[in-house]
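One structure below.
Heavy-atom basis, side chains included; hydrogens, waters and symmetry copies ignored. Letters A, B, ... are given to chains in the order of the sequence lines, protein chains preceding strands, and every chain is numbered from 1. Owing to the predicted nature of the structure, the values given are computational and were not obtained by experimental measurement.
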Protein chains: 2
Amino acid sequence: MTLIAEIFSQGAEIVSGQTVDTNAAWLSQQLAELGFTLKRHTAVGDDLQDLAELFGEIAGRADCCICTGGLGPTCDDLTAEAVSVASGLPLEFDAVAFAAIQAYYARRQRAMPEANRKQALLPAGAVRIDNRFGTAPGFALQFRRCWFVFLPGVPFEMKQMFGDWVRTDLLQRFALRPDTLVTLRCIGLGESAIQQKLEPLALPPGVVLGFRAAADEVQAKLLFPADVPEAERLRIAAEAAARIGDCVFAVDGLPDIKGDLVAVVDAALAAGAHSLAILETASHGLLAAKCLGRQWLKHAELRLHNETAGTDQQCASHAATLARALQAERQTDFALVQLYRVDSGRFDDKDGGIVLYNALATPQGVVSRQSTAHGAGIHKQNQAALLALDLLRRYFQNSCL
Amino acid sequence: MTLIAEIFSQGAEIVSGQTVDTNAAWLSQQLAELGFTLKRHTAVGDDLQDLAELFGEIAGRADCCICTGGLGPTCDDLTAEAVSVASGLPLEFDAVAFAAIQAYYARRQRAMPEANRKQALLPAGAVRIDNRFGTAPGFALQFRRCWFVFLPGVPFEMKQMFGDWVRTDLLQRFALRPDTLVTLRCIGLGESAIQQKLEPLALPPGVVLGFRAAADEVQAKLLFPADVPEAERLRIAAEAAARIGDCVFAVDGLPDIKGDLVAVVDAALAAGAHSLAILETASHGLLAAKCLGRQWLKHAELRLHNETAGTDQQCASHAATLARALQAERQTDFALVQLYRVDSGRFDDKDGGIVLYNALATPQGVVSRQSTAHGAGIHKQNQAALLALDLLRRYFQNSCL
């Protein structure tokens, strides 16, 4: 049986174009992976009439709808009221929700503004969805054909609440046969290069190969229907990973989730109780910033406006010397040094490119790697931070295999 | 008269969440600036029935709808056919469109695939919109109440065609009177606190007040209809800014755009050709990272795992001493030092809070400010970076007023 799902986004900032609606894409992916057929996305502004009308339309044609936004404390947050108008269910004061909002302010030692009281008003009979990270509780209810789930528009809170409760609830509520998603997470290769490497891959009918280029990585995604056996999934995923090569830093969904590049590096350093010192240039603080809260990072240095000079070999050798010196000076197991030079254009020119020289002093000697980064200044900065971390990842994946 | 506009996006990749729909936001901004009232965004997949149904719905309720996607040569590109089904207008072969598609392939010295012939089939009576950068021509037509404009989904082609023809055509076709948006950009106050401060504000009929909480700031937005005189706009914006107080770091739209906090600080430091040294702790590199490419940042230091201790007064005094020392050591006009201590919970605990002690050594002496930050570790980190920059912003705004 096909289960129809829709995504609904509320907010003047979405409809007016001030904010790009990334929630809709994220939620669609989640629901598609659970086995829903996604039919429609809709976004409307903060207008009671429009909202109520839309809830009525969706209630007649979808089995499930995830709605984001409109749960805040301000006068333009109208979701609960619009649900009440559309469904005829009165709004009721939810004492547990109210206590959670009060506790939120108490933890911050701030007085709760009177406006927040309205966030505790939920349609009668709705299931409350707790929000661990903000003041707005979510809620869910059946309205005619459709199970509606209402979540805040703040992506971080929305994602947490989806993972905490919504996903499990949907799996129990609907007879879903989830597809299995295996994600090959790559760094240092572009989307079309990865696509080309995977072209010879023979996929059984029903298996879908997709690609996603994010800021920090490129993902090749294999979506397996529920009837593909696990051994077949493993075989295909392994073949795909081998075809892409050592740019794959993690394979998620077999079945565990390895996480992003920082998580992969964190796991390796933490497992060995290692210590690290870093010296960064092109990433301009972002390398250290990405390591927030990691106890293995013992020392971080930043050199601004510090382009290196010479031949590639001289630059690489300079980085290696600095890495050895930093390791000795800071008495850490590892020392990571990033140098760079501008290869064409200027650093903050989107057409310009830089060459990165990363060196990692390890207990067994220094390993080095040269890479390039392109695009706008902030993209180069981000790539520089990631490619430095990637040298650590390569060291651990090679020395552990 | 209110002119209602909608945005419609077609494509399986949008509805399944593989692609984030950035076209909808971009087009909405363009139409809002032209004076349309944006009412709804809709996205559906490549299904003839769904598409035709949706065109029928929109034709009854909107004055203008910009549609993207579904104009390609493949079997899942169904837009023209769906328009034909919904409107009853037959598809006709457009010889000029066909010649343009042939010329496109001729320029690339490639044979035109037979599939591309279908891109020259347009609903009878539609206005063809030429595409200088791809094979898919667009088209536009009146269907009941609504003027429909169909553009390709490729953002680059879509934007070019909007600028080449659509914008001018809309201005001629509709009696548009563009609204004016004034944005008060704030840091250090939450959304509900700002709303409370603005509650006493008396707004003339038609002026709409909205709020937006982003990662780096909270915005209060005043949308003025075209008939509100400029002097009245200035008066209201000034009153709103005064009510919020010194947490307003910029007012955009009067008429210039000041930009985000980094841009405001950058403008002040660059204007005076000043130099700055920083020492950061809680922001863990992110303060320096936000200053990428700014020549005024001469030196950046990072102290990891470096919580300070003592009474508030002792911590503030310690930060001031360090700022003076850094300014002397680095010979910069300004030196900014950030210290912190964990006030409750742990740094990376979302329920924990930190107290920040920022000190800025200036040519006239040291200014200090104490703040708090809450939420997940990465939110505290980001707030720490912003609140440090905000001390610079406060110094320049106060010393320049």
Side-chain angles (χ1 to χ4, degrees), chain A residues 9 12-22 24-29 32 38-46 50 72-76 107-109 113 115-116 132-133 154 156 210 212 283-289 291-293 295 297-302 304-305 347-348 377-378 381, chain B residues 9 14-22 24-32 38-45 50 191-193 195-196 210-213 283-293 295 297-302 304-305 344 347-348 350-351 353 372 374-378 381:
Chain A
S9 313
E13 72 282 9
I14 303 285
V15 172
S16 67
Q18 296 293 317
T19 300
V20 173
D21 184 6
T22 55
W26 189 86
L27 284 166
S28 294
Q29 285 194 331
L38 272 296
K39 273 286 200 179
R40 207 184 271 215
H41 294 182
T42 312
V44 298
D46 310 299
D50 288 351
T74 63
C75 51
D76 53 8
R107 279 197 302 275
R108 281 161 181 71
Q109 299 175 319
N116 289 78
R132 291 186 289 140
F133 297 97
V154 180
F156 179 73
R212 194 168 87 84
S283 51
H284 217 272
L286 196 58
L287 174 54
C291 301
L292 176 72
Q295 293 304 314
L297 184 63
K298 298 301 180 194
H299 175 78
E301 251 169 75
L302 198 50
L304 307 174
H305 321 297
F347 189 99
D348 50 1
I378 53 165
Q381 176 186 29
Chain B
S9 312
I14 303 283
V15 171
S16 67
Q18 295 294 317
T19 300
V20 173
D21 184 7
T22 56
W26 189 86
L27 285 166
S28 292
Q29 285 195 330
Q30 307 301 312
L31 293 189
L38 272 296
K39 275 285 202 179
R40 207 184 271 214
H41 295 181
T42 312
V44 297
D50 287 351
E191 194 177 353
S192 50
Q195 185 184 4
Q196 221 161 5
F211 300 91
R212 193 168 89 85
S283 52
H284 217 272
L286 196 58
L287 175 55
K290 283 181 190 284
C291 300
L292 177 73
Q295 294 303 313
L297 184 63
K298 298 300 178 193
H299 174 79
E301 252 170 70
L302 198 48
L304 308 174
H305 320 297
S344 59
F347 189 99
D348 51 1
K350 69 166 179 59
D351 291 327
T372 56
H374 300 273
I378 53 166
Q381 176 186 31

Please flag which part of [X] lies under 4.5 Å from any non-hydrogen atom of chain A: side chain, backbone, both or neither.
X	answer
B:Q295	both
B:L297	both
B:T22	both
B:A213	neither
B:F211	both
B:Q18	both
B:D351	both

Which answer fits [X], side chain, backbone, both or neither, if we ask what part of it has an atom under 4.5 Å from a heavy atom of chain B?
X	value
A:Q109	side chain
A:T19	both
A:A300	both
A:D76	side chain
A:I378	both

Minimum heavy-atom distance A:A288-B:G285, with the two atoms named: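 Looks like CB-CA, 4.4 Å.
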Minimum heavy-atom distance A:S16-B:A32, with the two atoms named: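 Of all heavy-atom pairs spanning A:S16 and B:A32, the closest is O-CB, 4.4 Å.
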Could you tell me the separation between the [atom1] atom of [X] and the [atom2] atom of [Y], rounded to the nearest 0.5 Å?
X	Y	atom1	atom2	result
B:S344	A:R108	OG	CZ	9.0 Å
B:K298	A:H305	NZ	NE2	5.5 Å
A:L286	B:H284	CG	NE2	12.5 Å
A:I14	B:R40	CD1	CZ	15.5 Å

Heavy-atom pair count under 4.5 Å with chain A, highest-scoring of B:A193, B:A24, B:A25: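 That would be B:A25.
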For A:K39, the option from B:D50, B:V44, B:V15 that meets side chain to side chain contact (heavy atoms under 4.5 Å, CB included):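 That would be B:D50; it is the only one of B:D50, B:V44, B:V15 passing the side chain to side chain contact (heavy atoms under 4.5 Å, CB included) with A:K39.
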Main-chain N/O of A:A289 paired to B:Q381 side chain as donor or acceptor, under 3.5 Å: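 Checking the backbone N and O of A:A289 against the side chain of B:Q381, a donor-acceptor pair under 3.5 Å is found.
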Selection from A:T42, A:L38, A:L292 maximising heavy-atom pairs under 4.5 Å formed with chain B: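 Answer, by heavy-atom pair count under 4.5 Å with chain B: A:L292.
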Heavy-atom side-chain contact between B:L302 and A:L302 under 4.5 Å: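 They are not in contact (no side-chain heavy atoms under 4.5 Å apart), so the answer is no.
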